[in-house]
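Shown next, in structure tokens, is the structure this report addresses.
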Protein chains: 2
Amino acid sequence: MKNKIQLTVDAVVFGYESGNISVLLVRRKYKPYKDAWALPGGFVLEKENLEEAVQRELSEETGVKINYLEQLYTFGDVGRDPRCRVVSVAYFGLVKPNAFKLSASTDAKEAQWFNIQKLPKLAFDHKKILKIAIERLQSKITYEPIGFELLDKKFPFSDLEKLYTTLLNRDIDRRNFKKKITSLKVLDELDEKVSFGPGRPASLFSFNKKRYFQLKKEGIIFEI
Amino acid sequence: MKNKIQLTVDAVVFGYESGNISVLLVRRKYKPYKDAWALPGGFVLEKENLEEAVQRELSEETGVKINYLEQLYTFGDVGRDPRCRVVSVAYFGLVKPNAFKLSASTDAKEAQWFNIQKLPKLAFDHKKILKIAIERLQSKITYEPIGFELLDKKFPFSDLEKLYTTLLNRDIDRRNFKKKITSLKVLDELDEKVSFGPGRPASLFSFNKKRYFQLKKEGIIFEI
DNA sequence: TTCATATGCGTAGATATAACACAAATATAC
DNA sequence: GTATATTTGTGTTATATCTACGCATATGAA
């Protein structure tokens, strides 16, 4: 045994619904930072991979099922945990709106979605982790079609547009955006239409993941 | 003590000279993989940050001084080390040609530069780590001016061009490339000229890091 | 029936990219 | 000393992409 460093994983899970980006937080049950809000996560077991550890912790603490997960960064500064040296591998996840609702089995007091504009005080260095995760999300949606992981399977085009304006925090020209996305050939237009309130009904689209990978293999890159 | 997971750091350090990209490797002294080549690295001490650990290990094992270092990825699969569970935070570094020469103090048999086209068999999962590092290097030089970290302080423009053709493994139109770089306004043309063999002497340039950060703050982004 | 609202499609000017040709300054061979 | 090969250095044009708009269409509500 060479060292006494402890290894944990933390997950920054984003959800999106009608113009709001939220992040999943859990309330800490024990010291330190007892009762404070924190990112879901915990110690890695000796016989499980890092991703497995994240999925297990998320499932135990929140019941949320992730459909996109990638490693974000590893935070290992001395003193980030007052108890002892703890190095944490942070992950970055996205969930679709249906998983966005917390399962009834979880105590709503213990796991909750927070709008990223209205965050509570966070335990440890989780504020810093979250900040980096948001930057990653913002930059990544411009060159990888991960935005679709935040939408329903079928969605009107305006949902996609609104997602991008919200995430990138700037206006997007609807017509140019549509042209751009259309030229990437990753959307299937369905026959179905939906209508909310006044205005012309919108066609529903679905993201064609298969075609995306095919195009990617041919060197056609996604970029907004 | 919750677990027995060991934490290490590994460094993928790239050097460049006259059309050759090399990576720094060390020969292992102990089992497992005794005498095999591996990435420099080792166990993280309880009281040092991750970056400090990388710098210390690099200094101990190779004597090379790094001028650019960033975290690459954390490798934590079960079974990547036959002895026990070892999670390794890999870093990615670049050195200038002067540091490229291994210091006389180091035993050349123990630390060596290898052309990335002519690699020996590597210990552990270091081949995988190196592959990811190369991909990162290739993608990163297109949107961050890290290429300059691989060149001398003063360099002819053709050096920069050759670096890019080598790293990206494709031809670049010299005139368009020059226009692009010039428009970014991050190069200072010096009065000095150099001449190797036949051909018109070349002006020397230097990278203006200060101006780069200034432009970045104004939202002007580097992109090749 | 009129109005407000949201979707859907097209066009023109500006900007950036890609392709390409030739002049200038040196070392070397003769 | 002259011709030749070699390398650096710059400009121009066609093409593609991006940006900024205008207007028609289909609905709910007044």
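For clarity, every value in this text was computed on a predicted model and none was experimentally measured. Letters A, B, ... are given to chains in the order of the sequence lines, protein chains preceding strands, and every chain is numbered from 1.
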Would you call the rings of A:F177 and A:Y164 parallel, tilted or perpendicular if under 30° counts as parallel and over 60° as perpendicular? tilted
Judged by each residue's nearest nucleotide on DNA chain D, which is more toward the 5′ side, B:G199 or A:K180? B:G199
Report, as yes or no, whether the 6.0 Å neighbourhood of atom CG on B:D171 holds more than 12 heavy atoms from other residues, nucleotides or ligands. no
Determine, step by step, whether A:I221 and A:Y143 satisfy the side-chain contact (heavy atoms from CB on, under 4.5 Å) criterion, reporting the C-alpha distance in whole Å, the side-chain angles of both residues, the deciding distance to 0.1 Å, and the verdict. CA-CA 8 Å; A:I221 52 163; A:Y143 64 90; over 6 Å; no
Which comes earlier along DNA chain C counting from the 5' end, the contact point of A:K193 or that of B:D173, where each point is its nearest nucleotide? A:K193
Charged N-O contact under 4.0 Å between B:R56 and B:E52: no
With sequence neighbours excluded, what pairs up with B:E70 under the salt bridge (charged side-chain N to carboxylate O under 4.0 Å, His left out) test? B:R136, B:K140
Bounded by its outermost nucleotides with an atom under 4.0 Å from a heavy atom of chain B, the footprint on DNA chain D reads D:dT6 to D:dT12
So which of B:E192, B:K154, B:E189 actually passes side chain to side chain donor-acceptor pair (under 3.5 Å) with B:S203? B:E189
Between A:S195 and A:R175, whichever has its closest DNA chain D nucleotide further toward 5' is A:R175
Using chain A heavy atoms and a threshold of under 4.0 Å, write down where along DNA chain C the contacts begin and end, 5' to 3'. C:dT5 to C:dT11
When you look at CG of B:N115, are more than 12 heavy atoms from neighbouring residues, nucleotides or ligands closer to it than 6.0 Å? yes
For B:G197 and for B:N176, find the nucleotide of DNA chain C with the closest heavy atom, then tell me which residue's nucleotide is more 5'. B:N176
Please assess A:E149 against A:K209 for the test salt bridge (Lys or Arg N to Asp or Glu O under 4.0 Å), listing each intermediate value before the final yes or no. CA-CA 11 Å; A:E149 306 291 345; A:K209 213 165 189 169; 3.2 Å; yes
